[in-house]
*Asks:* 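The structure is given below, and queries will be raised subsequently.
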Amino acid sequence: MKASQIHSHGATEPLKVIAASNGVKKLGPKEGRTKQVGDVRLTWKATGEDTGYATSFYEMDLPPGRGIALHSHPYAEVFYVVMGHTDFLRVDEQGQEEWVRCGPGDTLVAPMNALHAFHNRTDKPSRFISSSVYYHEVFFELYAPTVDVNDPLPPKKEPTEADGEVYLQLLKNAMRVHMYAPQVNASSGLEVLRELENRNSNTDAQA
């Protein structure tokens, strides 16, 4: 599509407020930098560099039986579900846990410092979009490897002690950028991965 020239007070010269190289851009499906976090992936759709370091925005396709462990961070995160159903865990002042199931069009807000987790505890894929501050992106850029979005996900298998230690180290790294993961005090990384598996097998979510 050919862009029309911008007119200012009848003049034919284009406005040069924003250089073309820094202007509006479009990302199609599967475009963007993809990061591997444990056995799930996210793809950045808008990064701090794109937004003046004000916000970052990623898309996640979450296969059945996979999710992210309980954690918190000193800034809010907003989730918008676009496909399937994702279960989000929230914790009240008494430490009681409650799962909230979100479907297409539902929004989940995790306020600053609120413990939360998310899992696909259904038998179908889910997809959501997450928006947060640029600092949220920093963790993934520092500690999560970049992968090809078209590469197959690692197969679901019984985790080993080595897998557990890698995941536990990821949680410890998160603490360096002001994320909090209570699982860092677990006796082993394998214990953390088994907890994740148990959470995924329990489907008592509320709408």
Side-chain angles (χ1 to χ4, degrees), residues 27 30-63 65-82 86-91 97 102 107-120 126-149 151 153-154 159 162-186 188-197 199-200:
L27 273 72
K30 295 192 174 183
E31 289 186 338
R33 192 164 59 256
T34 299
K35 296 298 213 173
Q36 182 86 32
V37 186
D39 62 357
V40 299
R41 289 178 183 163
L42 59 87
T43 299
W44 292 109
K45 293 301 184 179
T47 65
E49 184 179 0
D50 298 321
T51 65
Y53 298 95
T55 189
S56 297
F57 185 90
Y58 71 75
E59 179 182 69
M60 178 176 281
D61 283 293
L62 200 56
R66 302 199 183 187
I68 292 290
L70 190 67
H71 66 284
S72 67
H73 32 69
Y75 40 81
E77 185 173 9
V78 180
F79 302 88
Y80 181 80
V81 178
V82 295
T86 303
D87 291 346
F88 294 88
L89 182 66
R90 60 185 176 191
V91 183
E97 298 183 353
C102 293
T107 300
L108 192 290
V109 180
M112 60 185 294
N113 295 319
L115 283 168
H116 60 287
F118 52 83
H119 298 262
N120 181 353
S126 68
R127 177 182 299 149
F128 64 80
I129 292 166
S130 167
S131 177
S132 190
V133 299
Y134 162 68
Y135 199 55
H136 193 54
E137 180 187 340
V138 170
F139 163 71
F140 299 101
E141 292 306 307
L142 285 174
Y143 301 117
T146 300
V147 297
D148 188 328
V149 69
D151 286 346
L153 278 167
D163 295 331
E165 291 313 305
V166 168
Y167 198 81
L168 187 58
Q169 185 58 53
L170 185 67
L171 298 180
K172 290 178 178 178
N173 288 338
M175 303 281 278
R176 299 179 183 179
V177 289
H178 305 291
M179 287 189 179
Y180 170 66
Q183 299 86 351
V184 295
N185 298 315
S188 72
L190 199 54
E191 177 185 333
V192 177
L193 291 181
R194 283 174 176 156
E195 179 192 354
L196 271 172
E197 187 175 354
R199 289 187 184 281
N200 279 329

*Asks:* CG of Leu108 to CG of Leu89: how many Å apart, nearest 0.5 Å?
*Replies:* 10.0 Å

*Asks:* Working note: Leu170 + Phe139, criterion side chain to side chain contact (heavy atoms under 4.5 Å, CB included); need CA distance, chi angles, decisive distance, verdict.
*Replies:* CA-CA 10 Å; Leu170 185 67; Phe139 163 71; 3.9 Å; yes

*Asks:* Measure the acute angle between the ring planes of Tyr134 and Tyr53, then classify it against the limits of 30° and 60° as parallel, tilted or perpendicular.
*Replies:*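 Correct class here is perpendicular.
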
*Asks:* Would you say the side chain of Leu62 lies within less than 4.5 Å of the side chain of Phe118, judging by non-hydrogen atoms?
*Replies:* yes

*Asks:* If you take all heavy atoms of Arg66 and Asp39, which pair is closest and at what distance?
*Replies:*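 Closest approach of Arg66 to Asp39, heavy atoms only: NH1-O, 2.9 Å.
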
*Asks:* Closest heavy-atom contact between Arg41 and Met60?
*Replies:*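 Of all heavy-atom pairs spanning Arg41 and Met60, the closest is O-CG, 3.2 Å.
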
*Asks:* Do the non-hydrogen side-chain atoms of His136 and Ser56 ever get within less than 4.5 Å of each other?
*Replies:*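 Side-chain contact under 4.5 Å: no.
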
*Asks:* Nearest heavy-atom pair of Ser72 and Ala114: which atoms, and what distance?
*Replies:*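 Closest approach of Ser72 to Ala114: CB-O, 3.5 Å.
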
*Asks:* Is there a side-chain contact between Arg127 and Val81 in this structure, where contact means two heavy atoms from C-beta onward sitting under 4.5 Å apart?
*Replies:* no

*Asks:* His116 vs His71 aromatic rings, parallel, tilted or perpendicular, using cut-offs 30° and 60°?
*Replies:*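 His116 vs His71 ring planes: tilted.
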
*Asks:* Is the backbone of Glu31 close enough, under 3.5 Å, to the side chain of Lys45 for a donor and an acceptor to pair up by distance?
*Replies:* yes

*Asks:* Hey, could you give me the OG1/CD distance between Thr51 and Glu137, rounded to the nearest 0.5 Å?
*Replies:*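 Going from OG1 on Thr51 over to CD on Glu137, the span is 8.0 Å.
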
*Asks:* Does the side chain of Pro182 come within less than 4.5 Å of Leu115's, by heavy atoms?
*Replies:* yes

*Asks:* Tyr143 versus Arg176: any side-chain heavy-atom pair under 4.5 Å?
*Replies:*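 The answer is yes, as the side chains (C-beta and beyond) meet within the 4.5 Å cut-off.
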
*Asks:* Check the pair Arg194, Glu191 against side chain to side chain contact (heavy atoms under 4.5 Å, CB included), reporting the backbone distance first and the verdict last.
*Replies:* CA-CA 5 Å; Arg194 283 174 176 156; Glu191 177 185 333; 5.8 Å; no

*Asks:* Between Asn173 and Leu142, does the side chain to side chain contact (heavy atoms under 4.5 Å, CB included) criterion hold? Intermediate values first, please.
*Replies:* CA-CA 9 Å; Asn173 288 338; Leu142 285 174; over 6 Å; no

*Asks:* Look up atom OG in Ser126 and atom CG in Asp61, then write down how far apart they are to the nearest 0.5 Å.
*Replies:* 8.0 Å

*Asks:* Please state whether the rings of Phe140 and Tyr58 are parallel, tilted or perpendicular, taking 30° and 60° as the class boundaries.
*Replies:* perpendicular

*Asks:* Which pair of heavy atoms, one from Gln36 and one from Gly38, lies closest together, and at what distance?
*Replies:*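 Scanning both residues completely, I find the closest heavy atoms to be NE2-O, 3.1 Å.
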
*Asks:* Using a 6.0 Å cut-off, check whether atom CD of Glu49 has over 12 heavy atoms from anything other than its own residue.
*Replies:*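 At most 12 heavy atoms, drawn from other residues, nucleotides or ligands, come within 6.0 Å of this atom.
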
*Asks:* Measure the spacing between OG of Ser132 and CZ of Phe57 and express it to the nearest 0.5 Å.
*Replies:* 12.0 Å

*Asks:* Would the distance check show the side chain of Thr86 and the main-chain N or O of Asn120 forming a donor-acceptor pair, the cut-off being under 3.5 Å?
*Replies:* no

*Asks:* Contact between Trp44 and Leu27 at the side-chain level, heavy atoms closer than 4.5 Å - yes or no?
*Replies:*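 A side-chain contact under 4.5 Å is absent here.
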
*Asks:* To check you understand the geometry: which heavy-atom pair defines the closest contact between Gln183 and Leu168, and what is its length?
*Replies:*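 Looks like O-CD1, 3.6 Å.
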
*Asks:* Report yes if the side chains of Asp151 and Thr34 come closer than 4.5 Å at any heavy-atom pair, otherwise no.
*Replies:* no

*Asks:* Yes or no on side chain to side chain contact (heavy atoms under 4.5 Å, CB included) for Thr146 and Lys35, after CA distance, side-chain angles and deciding distance?
*Replies:* CA-CA 5 Å; Thr146 300; Lys35 296 298 213 173; 2.8 Å; yes

*Asks:* Can you give me the closest heavy-atom contact between Tyr75 and Tyr135, atom names plus distance?
*Replies:* CE2-CD2, 3.8 Å

*Asks:* I need the Glu97 CD to Leu70 CG distance, nearest 0.5 Å.
*Replies:*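 Reported value, rounded in 0.5 Å steps: 6.5 Å.
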
*Asks:* Determine whether Ser188 and Glu165 make a side-chain contact, defined as any pair of heavy atoms from C-beta on separated by less than 4.5 Å.
*Replies:* yes

